[in-house]
Amino acid sequence: MSLAVYLLVTLVAGQGFAKNTLKDFTSDGCSMSPDGFAWSVNAYLDCCVAHDVAYWAGGAREDRLRADEELKQCITVKANKYTADAYFRGVRVGGSAKLQTPFRWGYGWVEDRGYKPLDMEERSEVADKILSVDWEQIYDSIFLGNKK
């Protein structure tokens, strides 16, 4: 009997678990919201793209709160406190990892990973992907209204 258990465990362990893969970075700017004002349509777009980088990579709950607070601080500087507060509330409600939206926390991963901290291998994968981002293409797609 122990030989059968050993063979079963070896067979299952040999197949391993499929590694969760990270898709290329995409951004739609300030998801479902303006990227700025009528007189400056991209006033705080860079705040939202930086926020998208954090949401794409995902991580722990604390990482998400930090990303949301950084978005709020950036929009406060570029716009005002009232706009920043509205966007902060919006991302806190609409960006949960539990929602199956294209802009949820951790949206870059093929498999849902929830609110787990990134391990060293995942951090390395995020860093490698970020280095290969064509930022001009990202911003062009947003400017041209082809939000992904």
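Note that the numbering runs from 1 along the sequence shown for the chain. Note that the structure is predicted; figures quoted are calculated from it, not measured.
- Within 6.0 Å of CD in E121 there are 12 or fewer heavy atoms belonging to other residues, nucleotides or ligands.
- G29 approaches S27 most closely through the heavy-atom pair N-OG, 3.1 Å.
- With contacts defined as side-chain heavy-atom distances shorter than 4.5 Å, the pair L118/R113 qualifies.
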Show me, pair by pair, the donor-acceptor contacts under 3.5 angstrom made by side chains of residues 83-91, not counting sequence neighbours?
{"unit_1": "T83", "atom_1": "OG1", "unit_2": "N80", "atom_2": "OD1", "d": "3.0"}
{"unit_1": "D85", "atom_1": "OD1", "unit_2": "K72", "atom_2": "NZ", "d": "3.2"}
{"unit_1": "D85", "atom_1": "OD2", "unit_2": "K81", "atom_2": "NZ", "d": "2.7"}
{"unit_1": "Y87", "atom_1": "OH", "unit_2": "P34", "atom_2": "O", "d": "2.5"}
{"unit_1": "Y87", "atom_1": "OH", "unit_2": "Y44", "atom_2": "OH", "d": "3.4"}

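- Partners of R104 by side-chain hydrogen bond (donor to acceptor under 3.5 Å, both in side chains), not counting sequence neighbours: none found.
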### Message
Run the side-chain contact (heavy atoms from CB on, under 4.5 Å) test on D140 and Q137 for me, step by step, so that the C-alpha distance in whole Å, both residues' side-chain angles and the decisive distance to 0.1 Å come before the verdict.
### Response
CA-CA 5 Å; D140 282 351; Q137 178 192 13; 5.6 Å; no

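- The side-chain heavy atoms of I130 and W56, taken from C-beta on, include a pair separated by under 4.5 Å.
- Among residue pairs with one or both ends in residues 51-61, none qualify as salt bridge (charged side-chain N to carboxylate O under 4.0 Å, His left out); sequence neighbours excluded.
- Evaluation of the side-chain hydrogen bond (donor to acceptor under 3.5 Å, both in side chains) rule for R92 yields D68 as partners, not counting sequence neighbours.
- The closest side-chain heavy-atom distance from V53 to V133 is not below 4.5 Å.
- The list of side-chain hydrogen bond (donor to acceptor under 3.5 Å, both in side chains) pairs with a residue in residues 127-136, not counting sequence neighbours, reads D24-K129.
- Side chains of F143 and L45 form a contact here, defined as non-hydrogen atoms less than 4.5 Å apart.
- Residue pairs meeting the disulfide (SG to SG under 2.5 Å) criterion with at least one partner in residues 59-140, sequence neighbours excluded, are C47-C74.
- Residue L99 is found outside any hydrophobic cluster, as its side-chain heavy atoms come under 4.5 Å of no other Ile, Leu, Val, Met, Phe, Trp or Tyr.
- Every side-chain contact (heavy atoms from CB on, under 4.5 Å) that E125 has, sequence neighbours left out, goes to K19, L22, W109.
- Side-chain contact check for T26 versus Y107: some heavy-atom pair is nearer than 4.5 Å.
- Residues in residues 91-143 take part in no disulfide (SG to SG under 2.5 Å) pair, two or more places apart or across chains.
- Taking both residues in full, the closest heavy atoms of V93 and R64 are given as N-NH2, 4.4 Å, listed atom of the first, atom of the second, then distance.
- For D46, the side-chain hydrogen bond (donor to acceptor under 3.5 Å, both in side chains) partners at least two apart in sequence or on another chain are K78.
- There is no path of hydrophobic side-chain contacts, each under 4.5 Å, that joins Y82 to W39.
- The side-chain heavy atoms of F103 and Y55, taken from C-beta on, include no pair separated by under 4.5 Å.
- A donor-acceptor pair under 3.5 Å is formed between the side chain of N20 and the backbone N or O of E111.
- The side-chain heavy atoms of D28 and I142, taken from C-beta on, include no pair separated by under 4.5 Å.
- Listed by chain and residue number, F37, S40 satisfy the side-chain contact (heavy atoms from CB on, under 4.5 Å) test with A43 (two or more places apart in sequence, or in another chain).
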